[in-house]
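Shown next, in structure tokens, is the structure this report addresses.
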Amino acid sequence: MGTKNSRLQGFYQLNPFERLQMVKSFDGLGDEDLRVLHGGQGILSVERADKMIENVIGTFNLPLGIATNFTINGRDYLIPMVVEEPSIVAGASYAARMVREGGGFVAISTEPLMIGQVQVVGVAAPQSARHAILSHKQALIETANAQSRSLVALGGGARDVEVHFHATSPMGPMLVVHLIVDCRDAMGANAINSMCEAVAPLIEQITGGRVYLRILSNLSDRRLARARCVVPPSALARDGLSGEEVAEGIMWAYAFAAVDVYRATTHNKGILNGIDPVIVATGNDWRAIEAGAHAYAARSGQYTSLSVWERDEAGNLVGSLELPMAVGIVGGATKVHPAAQTALKLLGVESAGELAQIAVCAGLASNLAAMRALACEGIQQGHMGLHARQIAMAAGAAGGLVDEVARRMVEERNIKPARAEELVAELRG
Ligand code: MEV
């Protein structure tokens with residue numbers, strides 16, 4: 001176990017500035033990092049944003065929270081999460097606390113291999129074209145690697161070539177060449193796309209066919225991250241329910257997602273609730289993660305739960321989660337966005353694989369938190385406090401009045417805009 005302790009008791013009761021000080025002492029962030037995290041001068045400037053996308057007119061802020069209590073592979077992490085939805089950060093932290101009682105998460109990631117696709121049509125003899133492509137494998141790899149020196153400098157590069165054949169499609173047969181690329185610590189999209197474009201003329205020459213699309217696949221099923229956790233039933237007991245009762249409810253929640261596609265979609269959304277905020281906080285491409293996750297959930301031909309939950313012989317709840325995790329810690333927005341840089345610094349990750357492991361653990365934690373809540377008190381109760389604060393703010397409350405109006409509405413079990421307006425007027429008066 002590392003020396004840092006992510007079990008920050010009472011963290012949620014502090015104000016944002018006090019929390020920041022606690023985060024600082026966890027990981028020795030500097031004053032400049034704090035300013036960035038706290039939305040000071042270091043946050044994404046319009047000038048910088050203007051270099052990132054087109055037609056920029058400004059920037060858009062989202063809350064940045066810290067999920068506490070995570071132990072992954074024996075090391076404690078404070079996990080930055082950027083997300084607009086209440087209860088996600090609290091839920092992940094609560095689940096991580098339960099998992100801590102079972103020894104924490106264990107996570108691994110595979111080699112960072114991605115797939116680039118080159119579509120070839122109009123090939124007269126597809127099987128002999130396939131042979132020809134494979135016999136030119138070395139030349140294709142060299143051509144690809146000559147294109148992306150930065151990836152090669154990182155220790156990555158094209159590693160292999162595969163050929164797939166679709167005998168029919170709405171337009172007729174096609175060959176699809178897969179370039180297998182080791183992306184190391186880069187997400188790799190740009191390098192892969194450039195490589196695919198670079199090898200296309202050679203592929204046309206070899207096959208006599210015509211190349212159309214040259215683009216990476218977001219089904220990065222060779223770049224997986226896996227997480228596993230063991231939760232003793234004693235950690236699950238709450239609000240008059242025994243750990244055994246809660247575990248049984250969670251198993252029924254999982255069983256529902258395993259067999260029912262409508263439920264599996266929502267269940268997986270709950271997993272991505274934990275993953276996407278880490279992806280966003282670190283400047284990574286959350287659409288790529290979403291696309292890969294849902295395709296992976298349907299890899300058997302039947303869309304199903306991404307996570308698997310079981311009971312072991314000791315009665316513990318054992319959760320596991322595996323999904324594609326194409327993330328980088330160099331290049332792109334991870335480099336350009338100051339807050340993403342600080343988030344990576346806070347995590348202290350040394351490789352893209354380590355970031356992938358953290359993200360998948362956050363996903364498993366969110367899944368556990370959602371299933372526990374759904375199987376017990378329901379999901380709404382946890383939302384109440386923050387929901388009430390949002391209603392209070394919309395009704396014009398500011399400063400200390402927000403908490404007071406919210407507290408009164410929760411107490412009265414009447415969280416409505418009209419009531420918030422009455423309370424604002426009354427308390428101001
Ligand atoms: C809400 O954002 C996520 C949940 O719907 C996930 C689930 O149902 O498992 C609570």
Side-chain angles (χ1 to χ4, degrees), residues 12 62-67 69-70 79-99 105 227-229 231 235-236 238-239 241 245-281 286-287 289-298 302-311 317-323 359-391 415:
Y12 77 101
L62 282 171
L64 164 61
I66 295 290
N69 304 330
F70 276 82
I79 304 187
M81 296 181 110
V82 170
V83 68
E84 86 297 342
E85 185 177 329
S87 302
I88 289 181
V89 177
S93 305
Y94 179 61
R97 204 177 91 197
M98 295 192 282
V99 170
F105 293 90
R228 184 174 177 275
C229 66
V231 189
L236 292 165
R238 196 170 130 167
D239 298 336
L241 289 173
E245 284 169 310
V246 177
E248 181 78 359
I250 289 176
M251 285 307 296
W252 276 110
Y254 161 64
F256 189 3
V259 298
D260 182 296
V261 68
Y262 289 92
R263 176 59 207 147
T265 307
T266 322
H267 177 96
N268 290 341
K269 191 270 184 183
I271 291 172
L272 289 156
N273 270 351
I275 295 176
D276 284 350
V278 182
I279 302 301
V280 178
W286 73 93
R287 287 89 52 215
I289 299 297
E290 288 272 338
H294 292 294
Y296 200 65
Q302 164 73 49
Y303 185 94
T304 185
S305 167
L306 280 164
S307 61
V308 174
W309 289 89
E310 298 163 309
R311 306 288 302 269
L317 205 56
V318 184
S320 43
L321 175 63
E322 173 186 284
L323 74 160
V360 83
C361 290
L364 192 55
S366 277
N367 182 219
L368 173 60
M371 289 196 304
R372 195 214 57 78
L374 287 165
C376 301
E377 72 275 3
I379 210 75
Q380 285 309 95
Q381 190 168 305
H383 282 304
M384 287 308 174
L386 282 170
H387 176 60
R389 277 190 244 170
Q390 276 170 9
I391 301 273
I415 305 170

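As the structure lists them, so they are numbered: ligands from 1, and atoms in each ligand from 1. This one's a predicted model, so the numbers in the text were calculated from it and none came from an experiment.
- Of all atoms in ligand 1, numbered sequentially from 1 with element shown, those under 4.0 Å from a heavy atom of Gly270 are 6 (C).
- With a heavy-atom cut-off of 4.0 Å, Ile88 does not touch ligand 1 at all.
- Residue-ligand proximity, His267 to ligand 1, at heavy-atom distances under 4.0 Å covers atoms 9 (O).
- If you take CZ on Arg263 and CG on Asn268, they are separated by 9.0 Å, rounding to the nearest 0.5 Å.
- Ring geometry, Phe70 versus Phe105: the interplanar angle falls under 30°, so the pair is classed parallel (tilted spans 30 to 60°).
- Closest heavy-atom approach to atom 8 (O) of ligand 1 among the candidates Glu85, Arg372, Arg263: Arg263.
- Scanning the protein for heavy atoms near atom 5 (O) of ligand 1, the closest one is Thr266 CG2, 3.5 Å.
- Interatomic distance, Lys269 NZ to Leu306 CG, rounded to the nearest 0.5 Å: 14.5 Å.
- In this structure, atom 10 (C) of ligand 1 lies nearest to the protein heavy atom Ile379 CD1, 3.6 Å.
- Only the side chain of Leu374 comes within 4.0 Å of ligand 1, counting heavy atoms alone; its backbone N, CA, C and O stay farther away.
- If you number the atoms of ligand 1 from 1 as listed, the ones under 4.0 Å from a heavy atom of Lys269 come out as 1 (C), 2 (O).
- Within the 3.5 Å criterion, the main-chain N or O of Ser93 finds a donor-acceptor partner in the side chain of Asn69.
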Criterion side chain to side chain contact (heavy atoms under 4.5 Å, CB included) on Val89 and Tyr12, from CA distance to verdict: CA-CA 10 Å; Val89 177; Tyr12 77 101; over 6 Å; no

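- Counting only distance, with no hydrogens or angles, the side chain of Thr304 and the backbone of Ala258 share a donor-acceptor pair below 3.5 Å.
- Distance remark: protein heavy atom present below 4.0 angstrom from atom 3 (C) of ligand 1.
- Cation-pi geometry between Arg238 and Tyr94 is met: under 6.0 angstrom from the ring centre, within 45 degrees of the axis.
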